[in-house]
Amino acid sequence: MHKKFDSKTIERKWQEAWSASGIYNTKERDNNQEKEYVLVEWPYPSGNLHIGHWHAFSVPDIYVRFNRMLGKQVIFPMGFDAFGLPAENAAIKRNINPREWTESNIEHMKGQLVSMGNAFSWDLTTSSTDPEYYKWTQWMFTQFFEQGIAYRGKGLVNWCPGCNTVIANEQVLSDDTCERCGNEVEKKEMPQWMLRITDYADRLIDDLKGLDWPEHIKEAQRRWIGRSQGAEIDFELSTGDKVTVFTTRPDTLYGATYVVLAPEHPLLQTDEVRGKTSNLREVDEYIENATKKTERDRLDDTREKTGVKLEGITAKNPASGENIPVYIADYVLASYGTGAIMAVPAHDERDSEFAKKFSIPVKQVIKPTFSSTDAAKSLDKLPYCGDGVIAHSGEFDGMDSQEAKRKIVEKVGGRMTSTYRLRDWSVGRQRYWGVPIPIVYDPDGKAHPVPKEHLPWILPEDVDFKPTGEAPLAKSEELKKRTEEIFGVGWTPEVETLDTFVDSSWYFLRYIDNKNNDELSCKEAQESWMPIDIYFGGAEHTTMHLLYSRFWQKALYDLGLVTVDEPYKKRINRGLILGPDGNKMSKSKGNVIDPDEQVERVGADTVKMYLAFMGPYGEMTNYPWDMGGIAGIRRFLERVNGLYEHVVESETQEVTEELHRLIKKIHTDIPEYKFNTAISSMMSFVNIVEKEGLSQSSYETFLKLLAPFAPHLAEELWSTLNKGDSIHVEKFPTYDESLVVLKKMTIGVQINGKHRGEVTVTPSTTEEEVMKMVYSVEVLRDKIGSKKPKKVIYKPGKILNIIVD
RNA sequence: GCGUGAGUGGCGGAAUUGGUAGACGCGCUUGGCUUAGGACCAAGUGGGGUUAACCCGUGGAGGUUCGAGUCCUCUCUCACGCACCA
């Protein structure tokens, strides 16, 4: 009977040893070695690690350890995204300071992270709440302010009544609820600190091309940014005013039979327009109703189109010269394009629907070009929204619609332009536990950045941070006093804090130079480590963190502060771990798996390998936790623990070859994040050698293969061999291709494409020899019959297919 | 509606990229064993079938091919993202 696999004892023992020797700390960058920057999303210190953190951190650790053993310099930093609402809410509940709550959580979670046994680069850690960290968050904000990238904007903002703060567009879900708390978001008119992410819209789309990201993430970002290429065209109103519309189809301009303004359009508030409008009351009523409606109601697509005509006012179609009616309707959005459209009912679904309801003339100006097959049946079916040939459009008749776009815009003096769905990023928060916006106002109310020598602009402590809707920092006497002392009497501080997505937009730059007092991250460090080679994370960040941080990096790049303009070369999104019942884990469902309990029961190596074994990492599938499944992994490790009992004097050639095939398999699987198949190959190998026996050197090789997957057990077994150093600084085994190639294989024999038997061959067996073997098998011979086969297909090592009549 | 991805045993998933479908693990069945455990060992486990032959089988229907889970066409279902964006 072999030694017991006491995971608890050996895991604690080796975690202490690794920490004491600092083997995972970062070495000076050596340019002779390939570098690899592996990033996982830094956790929010909520108090306890959950199983999702294990999935997020311990599975990538396999990748990290493997690449280190290959001889690459790999950094794998970990830190804390520690500002944010939960701390504030917890602190309110317990009547303590969010700082205390956060710090004690970090302390506890660091311990839990150590219990994973991951090869984290702990010397590169940081936390967003560390003043030495947020000093730089603030400094960058002041730089952006001076460049006009950060600005004080006005307008409609998303107000979350649950969080008592403004939130950004990206943080509002498609059902109009808050990403954080689920409350329905309201629209509010309020001045807001904004970041000009829209200036980067084109680059954020175009640079996706060069990124090795899953297509669905890139596509989601493209659609979120929502670039439409088209033109702005001016329409003159009978009042003499000018309305600029945006259209992607200027080729249909001759078919524009009316103009629509959004209810919020500023022209509707001008004296000229109001004076000439004969049904002003009706119009005002409509505007009032529309602005009262929630966004959700307005966008409900089952709703019928509504609108009202501006009686007494017409617009002149700049192409045809016709006078056409002007409507206001809420199917036109004030926030998109110019807030006004030219309506072409013949070639647009929505305009068609509206025109039908209000009996507006429809004028077809595009004739579809048909292939012979789909015939004339839909020739006159309108609206037709595709491209085609221009008609009823004066000199443009007969022209292809693509060509006509440019020409028509030119004729009417319009401008080719793009418009975007993306809005500027609203970053001011009326909450306490965040980075104070480093802005002060002079007695005239003008904003000034806090100069570098006063950074970090410390978050005051004398604050009652219970949410009232007013920014808590407004209540800080200390902050007021500080501002007046430094800047003069009458100066006042900004009292909002920054969105925590700002903190996480640059943490990867700080990791690599986390002790620098003079710069956010020096160029040498960046040249050594950036860009991030692989970023593992969750699906929820696609149009938030992943978009914001790309923007932030580009803005820094333009200021000459960073060396690359895209932070993440490759991105892998993992799936979700569900409860044993197949539902999302939640306290109310009582299906939460506590990782600490699992580690206590079966050990960290087992939990890690189980998570890696569930399926390919990077498929966004959700996996239910399976108690039996994790027991299977534990069983496997028990057998590995006793594997030395199967060491024999000399192993068979087959075992040697199997080992080399296993080595090759792991070399190909890990770089593709297919940890599941790498593990199953190790299991198959153990199944074989438990029967056949393996040599001492193969045993040692196997332990090295195991090391990235089960670091504690591998280290423990290695230590019994008295080799001196840690197994984790060993070189990863390499394979001999000549041993990998199968010397003998069983191939299928098909007759007329149907499987009829097998023969065992070598790669060099000739067709003649194979046929001889087939004929020597009675059943096969009978099946083929006496006639000569019509045709024989033989792919050496793969298949034999005999075609007979 | 638009976009992206995916459909393989009771379950998680494999499949040398066009060549014996179901590796590995879970679960289950039978037998053994006893440190009675979320244990271990052995054999079996896609469905049908007279248990032999054979037939059927990768959401469905066609097609290409000596050969299709894999390629093509149509179609259905599910997940995620966007959604009156002009």
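Throughout, protein chains are lettered first and strands after them, A, B, ... in sequence-line order, and every chain is numbered starting at 1.
A:Lys305 contributes a side-chain N or O that forms a donor-acceptor pair with the base of B:C84 under 3.5 Å.
Legend: residues meeting side chain to side chain contact (heavy atoms under 4.5 Å, CB included) with A:Ile799, ordered by chain and number and at least two apart, are A:Gln750, A:Lys795. For the side-chain hydrogen bond (donor to acceptor under 3.5 Å, both in side chains) test, no residue two or more places apart in sequence or in another chain qualifies with A:Gln229. Listed by chain and number, the residues in a side-chain hydrogen bond (donor to acceptor under 3.5 Å, both in side chains) with A:Lys743 are A:Glu657 (sequence neighbours excluded). Under the side-chain hydrogen bond (donor to acceptor under 3.5 Å, both in side chains) criterion, A:Glu540 pairs with no residue at all, not counting sequence neighbours. Considering only residues two or more places apart in sequence or on other chains, A:Lys357 meets the side-chain hydrogen bond (donor to acceptor under 3.5 Å, both in side chains) condition with A:Glu304. For A:Arg415, the side chain to side chain contact (heavy atoms under 4.5 Å, CB included) test picks out A:Glu232, A:Asp234, A:Thr244, with sequence neighbours left out. Legend: residues meeting side chain to side chain contact (heavy atoms under 4.5 Å, CB included) with A:Phe501, ordered by chain and number and at least two apart, are A:Gln171, A:Glu179, A:Trp425, A:Asp499, A:Ser504, A:His541, A:Met544, A:His545, A:Tyr548.
Using a 4.0 Å heavy-atom cutoff across all strands shown, A:Ile793 reaches at least one base atom of the nucleic acid. Residue-level contact check: A:Met683 touches the backbone only, with heavy atoms under 4.0 Å from sugar-phosphate atoms and none from bases.
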Between protein and nucleic acid, restricted to nucleotides 79-82 of chain B and to nitrogen or oxygen atoms under 3.5 Å apart, what atom pairs and distances do you find?
| residue | atom | partner | partner atom | Å |
| --- | --- | --- | --- | --- |
| B:G81 | N2 | A:Arg223 | NH1 | 3.1 |
| B:C82 | OP2 | A:Ser174 | OG | 2.9 |
| B:C82 | O3' | A:Arg421 | NH1 | 3.0 |

Counting only pairs under 3.5 Å, give me each side-chain donor-acceptor contact of residues 630-637 of chain A, with atom names and distances, residues two or more places apart or in other chains.
| residue | atom | partner | partner atom | Å |
| --- | --- | --- | --- | --- |
| A:Arg634 | NE | A:Glu638 | OE2 | 2.9 |
| A:Arg634 | NH1 | A:Ser7 | OG | 3.1 |
| A:Arg634 | NH1 | A:Val602 | O | 3.0 |
| A:Arg634 | NH2 | A:Phe5 | O | 3.0 |
| A:Arg634 | NH2 | A:Glu638 | OE2 | 3.1 |

Check residues 592-600 of chain A and write down every donor-acceptor pair under 3.5 Å in which the side-chain atom is one partner and the other belongs to a residue at least two apart or another chain.
| residue | atom | partner | partner atom | Å |
| --- | --- | --- | --- | --- |
| A:Asp594 | OD1 | A:Asp596 | N | 3.2 |
| A:Asp596 | OD2 | A:Gln112 | NE2 | 2.8 |
| A:Gln598 | OE1 | A:Arg601 | NH2 | 3.0 |
| A:Glu600 | OE2 | A:Lys8 | NZ | 2.8 |

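Between B:G47 and B:G9, the two C1' atoms lie 9 Å apart (nearest whole Å).
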Output field dot_bracket for RNA chain B (Watson-Crick or G-U, both distances under 3.5 Å, | for other-strand pairs) contains (((((((..(((......[....)))((((((.......))))))(((.....)))..(((((..]....))))))))))))....
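For the OP1/OP2 pair of B:A86 and a distance below 4.0 Å, the side-chain nitrogens and oxygens of A:Tyr336 include at least one atom meeting the criterion. For B:C40, the OP1/OP2 oxygens have a side-chain nitrogen or oxygen of A:Arg635 closer than 4.0 Å. Look at A:Asn676 and you'll find a side-chain N or O under 4.0 angstrom from OP1 or OP2 of B:A14.
Note on A:Glu353 versus A:Lys356: no salt bridge recorded, every NZ/NE/NH1/NH2 to OD/OE distance being 4.0 Å or above.
For the segment residues 592-606 of chain A, the set of residues with a heavy atom within less than 4.0 Å of an atom of RNA chain B comprises A:Arg601, in numerical order.
Proximity of the aromatic rings of A:Phe358 and A:Tyr258 is defined here by a centroid distance below 6.0 angstrom, and this criterion is not met.
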